[in-house]
Student: 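Below is one structure. I have some questions about it.
Counting starts at 1 for both ligands and their atoms, in listed order.
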Amino acid sequence: MSTPGNRPLDARDRIRRTGIVLLPGHGLHETGAHPENPERLDAVEASLMSGPDRQRLLVLKARAAAEEDIARVHTAAHIDFIRSQSAAGPSWIDSDTVVSPGSYEVTMKASGAALVAVDAVTGSGHCGDVPRPDSMFALVRPPGHHATADRAMGFCLFNHAAVAARYAQQVLGIERVAILDWDVHHGNGTQEIFESDPSVLFVSMHQWPLYPGSGWMDEVGTAAGRGFTVNLPMPPGSGDLEHVDAFDRVVGPVIGDFDPGLLIVSAGQDGHLDDPLSSQALSESGFERLAARVAGLAFRRGIGLVALHEGGYNPETLPGLDHAILAGFGGFSGLVSDRHSEPGAKRDPESPPAEWSERIEQILAVQRPFWPEALSEGRPHAV
Ligand SMILES: [Zn+2]
C-alpha cells in the first residue's frame with residue numbers, strides 16, 4: 001500500500017478505530033424522576049445509531065459480568081446488599097441513589113460492558129472479523145465512580161472502572177493500568193479503591209468544591225500508593241482552556257511517565273456548560289479535544305483505550321457530547337458543532353476563572369516530587 005510521496009506506511013497513516021458498547025435493557029434500572037434516568041442513554045444511542053458516523057463505529061453489546069469480576073473490587077457484603085435491595089425495590093440506598101428490581105442485573109451488565117470494551121481493545125475478545133479497535137466507549141448506566149468497595153453512593157452501585165482495571169490486571173495480565181476521570185465530580189470511589197496501590201494510577205479532573213467534597217490536590221495516595229493518585233481540583237467556571245491546559249501540563253505527562261498497559265477513562269460529560277449539575281464551562285469541542293489527546297496518548301504508546309460513561313445529565317446535549325468524544329477518539333473531527341456561542345448557553349468557556357494560573361502551579365508543586373521528570377520546570381508542554 002502506498003502513501004503520499006511513496007513514504008512507507010507507518011502508524012501515522014492508520015485510522016484510529018473506535019466504537020461503542022451498548023447496554024440493551026438499561027431501562028430496567030428505573031430511577032423515576034431522577035437526573036440519572038434511561039432517557040440519557042436512549043438519546044445517545046438513537047443519535048449515534050442513526051447518525052452520519054454510524055459506519056465508522058464498531059458496535060458491540062454488553063455481556064453480564066460474572067460475580068467473580070465484581071468481587072475483585074467489591075466486598076461480598078456489598079454485592080449481596082445491592083442484590084437484595086434491588087429485589088426488594090424500588091428503594092433509596094442513600095439520599096441520591098435509588099434501585100429498582102432490575103438494577104442489580106443492569107449494573108452487572110454495565111460492568112460487563114466495560115469488560116467487553118477491555119477485551120476488544122486488548123485483542124482478547126471477539127470482534128467478529130473486524131480488526132482490533134484502538135478505543136471503545138461503553139455507554140453504560142448507572143455510573144460507577146462514586147461506588148467504593150463496600151458502599152453505593154452518588155447514583156453508583158458498582159465501580160465499573162475499577163472492575164475493568166482489576167480484570168485487565170488479574171485476568172489479562174496487564175501490569176499497570178491508568179484511570180483518567182474527567183467527570184465533573186471527584187471519583188472518590190475509584191480513588192479509595194486504589195489509593196494504596198501503585199499499580200493503578202488514578203488521575204482526576206473535577207470541579208472543586210462540588211459533590212462529594214473530596215479530591216483536593218493534597219490527596220496523593222497512601223502507603224505504597226503515594227504519588228499514584230493525582231487530583232486536579234478545577235475552579236468553578238473552568239472551560240476548554242483550563243481542561244486542555246491541565247491535560248497538557250499534568251495529566252498527559254504523568255500518564256505517559258507511568259507507562260500503563262491500558263488506559264481507562266471515566267468519561268462523565270457533566271462538566272459541559274449546559275449541564276444542570278455543575279458550574280463548569282466545557283464545550284463540545286473541549287470534549288473532542290480532550291478525547292483526541294487521550295486517544296493520541298494511547299495510540300502513540302500502542303495501548304488500548306476504554307472509556308466508560310459516567311455522568312452527564314442533560315439529555316439534549318449528551319448525544320452531541322458523546323459524538324464529539326468518539327470523533328476525538330477516532331480522529332474524524334470536523335463534524336463537531338461547537339455550541340458554546342449559541343444563545344441559551346449558561347456559561348462562557350472563554351472566560352477563565354481568575355484563579356486558574358495559580359491553581360495549576362499549586363498542583364504542579366504538589367505533584368512534581370512524585371513525577372520529577374514528567375513535570376520538570378522548563379519542560380516543553382505537549383500540544
Ligand atoms: Zn458526575
Student: To the closest 0.5 Å, what do you measure between CD1 (I179) and CD1 (I264)?
Tutor: 5.0 Å

Student: Could you confirm whether H145 has any N/O/S atom lying under 2.8 Å from the Zn ion (ligand 1)?
Tutor: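 For H145, the answer is no, given that no N, O or S atom comes within less than 2.8 Å of the Zn ion (ligand 1).
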
Student: Which atom pairs, one a donor and one an acceptor, fall under 3.5 Å between side chains of residues 216-226 and the rest of the protein, sequence neighbours left out?
Tutor:
unit_1: E219; atom_1: OE1; unit_2: Q191; atom_2: NE2; d: 2.8
unit_1: E219; atom_1: OE1; unit_2: G215; atom_2: N; d: 3.0
unit_1: E219; atom_1: OE2; unit_2: G215; atom_2: N; d: 3.1

Student: Angle subtended at the Zn ion (ligand 1) by OD2 of D270 and OD2 of D183, to 10 degrees?
Tutor: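 My answer is 90°, to the nearest 10°.
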
Student: How is the N/O/S atom of H185 that comes nearest to the Zn ion (ligand 1) named?
Tutor: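 The atom in question is ND1.
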
Student: Would you give me the side-chain donor-acceptor pairs under 3.5 Å for residues 18-26, sequence neighbours excluded?
Tutor:
unit_1: T18; atom_1: OG1; unit_2: S135; atom_2: O; d: 3.4
unit_1: T18; atom_1: OG1; unit_2: S135; atom_2: OG; d: 2.8
unit_1: H26; atom_1: ND1; unit_2: R141; atom_2: NH1; d: 3.3
unit_1: H26; atom_1: NE2; unit_2: D42; atom_2: OD1; d: 3.0

Student: Are E195 and T229 linked by a side-chain donor-acceptor pair shorter than 3.5 Å?
Tutor: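 Judged by distance alone, the side chains do not pair up.
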
